[in-house]
Each structure stands twice: as structure tokens, then as C-alpha cells.
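A quick write-up on the structure given underneath.
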Amino acid sequence: MNPEEEFTKKVLGGIYLPNKSDFNFEVYDWLQKNVESLFTSGLLDFKNKEPHFYFIQSYDINGSCDDDEEYCYIGLTKGLINFSTFFMNNILKEQSFLSDMIVQEKEHEQPKIIKSVQFKSWNTFSDENFLSEQDSNKPKNAVRAELADSLNKYFLLFYFMHEVGHLNQDRKKLSEMKEQCSNDIEKNIIQQVKEMDSDLYAVNRFLEHLFNTFHNKHNLIDNAYSSLYKTETDLLRYALLIIHFTFYMFPQNDEKGLSKNTHPNPILRLFYVSTLMLNNSIENNLLNRDNWETCRRRSIQDFKYIIKKVFPNEDIKKSFGSITPDELTSTYRLIRNEASKPKYKGLLNGTYEEISDQF
């Protein structure tokens, strides 16, 4: 059985391989080339197996991964890809957004309001609904259209790296550990440990990949976008935006608390991953602290502006809820303390220690 047939059996909806006439072929082709480069450069650990990347014919999940004796399989769903394309095109229509970096055109474009219901299920962005609006949704400004495409690709690449993080966990032993749990609370805590661990694996590799691309260390730079990222500060500003967008696409569950949800609070994940990106950038001499602080402030301002312009305030509050600084700190410590238990030794990517109490 070939890898395509094998993974088709494993994932919800089966795999989907775009052809050159499909609207998302160019994104698929770009991701495929990056997977090959990440494999040959050794930046990502594919467990000494040949990686195979696919789109998945599903609107119910974000992505999936699996492996066998020869291959590892990573897939992102059509629902996620359709939504990401819509989202990035839409936010770049707002001409006041990033106006300090992009020359505004005389004709003003009005972004569409994104409602919280669209975050609850990618079914809102099934092919039928998405394709009817795709062409009209692209920014008319050529630079904004290019940047929307670039942010979309790197956003999806971060999701891909998150799945590779799961691939490198000892998924069999972690599953056995969950099966031995006496209740859902214990299972949820294990799942949250797994998710946070994959987030941190992804952001470490994502940051390194961005700078390798910027400096053309692995011939990965996409010349179509080289003019968009003029300095390392520009690059990190966009990287932070991608992290913000990533975790704001995870609505907060109705129930609060570590034990009641299968995934960590998205705001916790956002702060945690952003802090790790900050620490790593400074420790690896990618940026000095003053430059990074300027970049961080601008990215937060960028994101706040988008929240006001593209999301109705009450709607977004209802969808994502809120979490206090004390709740953030206590929840983080619970997850970190759980992950530090001896039973997890050798099962995770081991990234929790990199932030420690600095968080």
C-alpha cells in the first residue's frame, strides 16, 4: 500500500491532492517544497522517516499526523486552509493596518466583519461557501495581496510544525497513559500537556526557519516576498502577528479551568509562545532587546487594531472569554508541573524548561 492510501485510511475525510487548476494548488506546492527543504536541512526531526505532506478533506479538525515503519504523515485540513486564506486576505484589506509599512491607495477597501460563529467550525468555509467569495476577497493593493499570501503560507507552516511536534512525542505511550486514567479530567490534563509541548516545539523551529529563510541559508527565500521583509525587525513583527492570529483562531471553551478542556486556553498559549519567541530571539542574538521591544509593541498595536476593525467587540468577547493574569500564571504552572512528573520523561519534546518562571 502506498503512503497516500495508508494515510487516507487513517484520517477523517481522507486526503486531498490539489491539481494545478485548483485555487489552493500554489499554497500546497509551496508547503510541499518547504517540507522537502526542512527534511533535507535537518531543521525538523521526522524520526528518520520520509515525510509525506497532504491536505485533508475535512472541515472538523485543523490537522493530523501519523507514522509507520517507513514514513511519517502530516496533513492540514481544507477547512483550516480556506479560512486562513479568507482571514489573511480580509485583514490586509484594511488600509490603516500596517500603514507605516505599506503605501495606501486612494480607493479604500472595506474588510468584512468576521463573526465568532465562523471560528466554531470550519464548515463555514466549505469549498462552496469559500470559492464564491475568494476572488472578490483579495486586496486590490498588489503589496497587500502579496503580504496576505505570505502570511497565509507561514501561518499554515506553523500549524504544520505543530503537527510535527506531536509526531515527535511518544504518542503510543501517551495514549496508553490516557487509557489508564479514571476520568476525563485526568485525560484532559495529559492532552493539554501534549498540546503545549507541540506549540513550543513549533515556535522554536518556526523562528529558526524564518531567519534561515531571511538570510537565505538553505535557499528557501521566496523572492516574491523579499521586498516585504526588509529587516529582521520587520520579519519578527510579522512572525508575532502570525502567532497572535494562530491562537485567536482557537475559541475559548465555555468551561474555564485546566481540567475541563482538552486544549489549553488560547490566550495562555499566545502569551507562552510569544514569551518563548522573545527569549530565543535575544538569547541567540537575533535581535537586541530594544529592537525586539519595538517590534513587540507594534505587533500588539497591529493586532488590537484588527480586533477593533474586523471583529465585533461583544462578539469576540463572547467567543473567547477572558482570563486574568493570575489565572494565566496558575494554569501555566499546573501544566508545567504536570509535564515535569517522572512519568513524562522521554515522552515529550522537553521544551517546558526553556521559559521556566520567567513567564
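- Between F158 and I243 there is a side-chain heavy-atom pair separated by less than 4.5 Å.
- With L167 as the fixed residue, the side chain to side chain contact (heavy atoms under 4.5 Å, CB included) test singles out one of C65, S198, P51: C65.
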Discussion item. The test is side chain to side chain donor-acceptor pair (under 3.5 Å); show your working for D68 and Y73 and say whether it passes.
Written reply: CA-CA 9 Å; D68 56 30; Y73 313 97; 2.4 Å; yes

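- Under 3.5 Å, the side chains of Y16 and N24 contain a donor-acceptor pair of N or O atoms.
- Taking the six-membered ring where tryptophan is involved, the planes of Y54 and H52 are essentially parallel, since the angle between them stays under 30° and well short of 60°.
- Summarising the geometry, atom CG belonging to N152 is positioned 5.0 Å from atom CG belonging to L156; distances are rounded to the nearest 0.5 Å.
- N188 and T262 are not linked by any side-chain donor-acceptor pair at a separation below 3.5 angstrom, with hydrogens and angles left out of the test.
- With rounding to the nearest 0.5 angstrom, the CD atom of Q180 is 8.0 Å from the CE atom of M177.
- One finds the OG atom of S182 at 9.0 Å from the NZ atom of K187 (value rounded to the nearest 0.5 Å).
- For the pair N90 (side chain) and F86 (backbone), a donor-acceptor distance under 3.5 Å is absent.
- For D45 against V164, the heavy-atom pair with the smallest separation is O-CG1, 3.8 Å.
- If you check the side chains of H162 and N62, you find no donor sitting under 3.5 Å from an acceptor.
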Item to complete: Verify side chain to side chain contact (heavy atoms under 4.5 Å, CB included) between F46 and N168, making sure each step is shown before the conclusion.
Response: CA-CA 7 Å; F46 294 102; N168 279 280; over 6 Å; no

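- Taken from CD1 in I242 to CG in L210, the straight-line distance is 6.5 Å, to the nearest 0.5 Å.
- Residues P139 and A145 approach most closely at O-CB, 3.7 Å, considering heavy atoms.
- Defined by atom type and a distance below 3.5 Å, a donor-acceptor pair is present between the side-chain atoms of Q169 and H166.
- Looking at K194, R205, R269 one by one, the single match for salt bridge (charged side-chain N to carboxylate O under 4.0 Å, His left out) with D199 turns out to be R269.
- In terms of modelled atom types and a separation under 3.5 Å, the side chain of S150 and the main chain of L147 share no donor-acceptor contact.
- Considering only heavy atoms from C-beta on, T331 stays 4.5 Å or farther from N265 through its side chain.
- Here the shortest heavy-atom pairing between V193 and A339 reads CG1-CB, 3.8 Å.
- Side-chain contact, D197 with N349: a donor N or O sits under 3.5 Å from an acceptor N or O.
- Between I74 and D66, the closest side-chain pair of non-hydrogen atoms is not below 4.5 Å.
- Two residues are said to be in side-chain contact when any heavy atoms from C-beta on lie closer than 4.5 Å; H263 and Q192 fail this criterion.
- Listed for the S41 side chain is a donor-acceptor partner under 3.5 Å among the backbone atoms of S37.
- For S21, the side-chain hydrogen bond (donor to acceptor under 3.5 Å, both in side chains) criterion is met by N19, not counting sequence neighbours.
- Below 30°, between 30° and 60°, or above 60°: for F55 and F53 the angle between ring planes is above 60°, a perpendicular geometry.
- Here the OG1-OH distance, from T246 to Y154, works out to 14.5 Å after rounding to the nearest 0.5 Å.
- For the residue pair G165 and Y201, the shortest heavy atom distance occurs at CA-CD2, 3.4 Å.
- Tracing side-chain contacts under 4.5 Å through hydrophobic residues (I, L, V, M, F, W, Y), one reaches L17 starting from V35; they form part of the same cluster.
- In this structure, the ring of Y159 has its center less than 6.0 angstrom from the ring center of F155.
- Using a 4.5 Å heavy-atom threshold, the side chains of S64 and I56 count as touching.
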Worksheet item: How far apart are the C-alpha atoms of W30 and F25, what are their side-chain angles, what is the distance that settles it, and do they pass the ring-ring contact (aromatic ring centres under 6.0 Å, His included) test?
Response: CA-CA 9 Å; W30 183 88; F25 175 80; over 10 Å; no

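- Taking all atoms of both residues into account, the shortest heavy-atom contact from S58 to T77 is O-CB, 3.3 Å.
- For residues 46-57, the salt bridge (charged side-chain N to carboxylate O under 4.0 Å, His left out) pairs, not counting sequence neighbours, are K47-D67, K49-D67.
- Between E195 and Q191, the side chains place a donor N or O and an acceptor N or O closer than 3.5 Å (distance only, hydrogens not considered).
- Residues V143 and E146 have side chains not in contact (no heavy-atom distance under 4.5 Å, counting atoms from C-beta outward).
- Within the model, atoms CE of M196 and CG of L268 stand 4.0 Å from one another, a figure rounded to the nearest 0.5 Å.
- Closest approach of L76 and I81 over heavy atoms only: O-CD1, 3.8 Å.
- A salt bridge links K343 with E338: the closest approach of a Lys/Arg side-chain nitrogen to an acidic carboxylate oxygen falls below 4.0 angstrom.
- With contacts defined as side-chain heavy-atom distances shorter than 4.5 Å, the pair I15/Q57 does not qualify.
- At a threshold of 4.0 Å, the pair K153-E26 counts as salt-bridged, since one of the basic side-chain nitrogens sits closer than that to a carboxylate oxygen.
- At least one side-chain heavy atom of M161 sits less than 4.5 Å from a side-chain heavy atom of L38.
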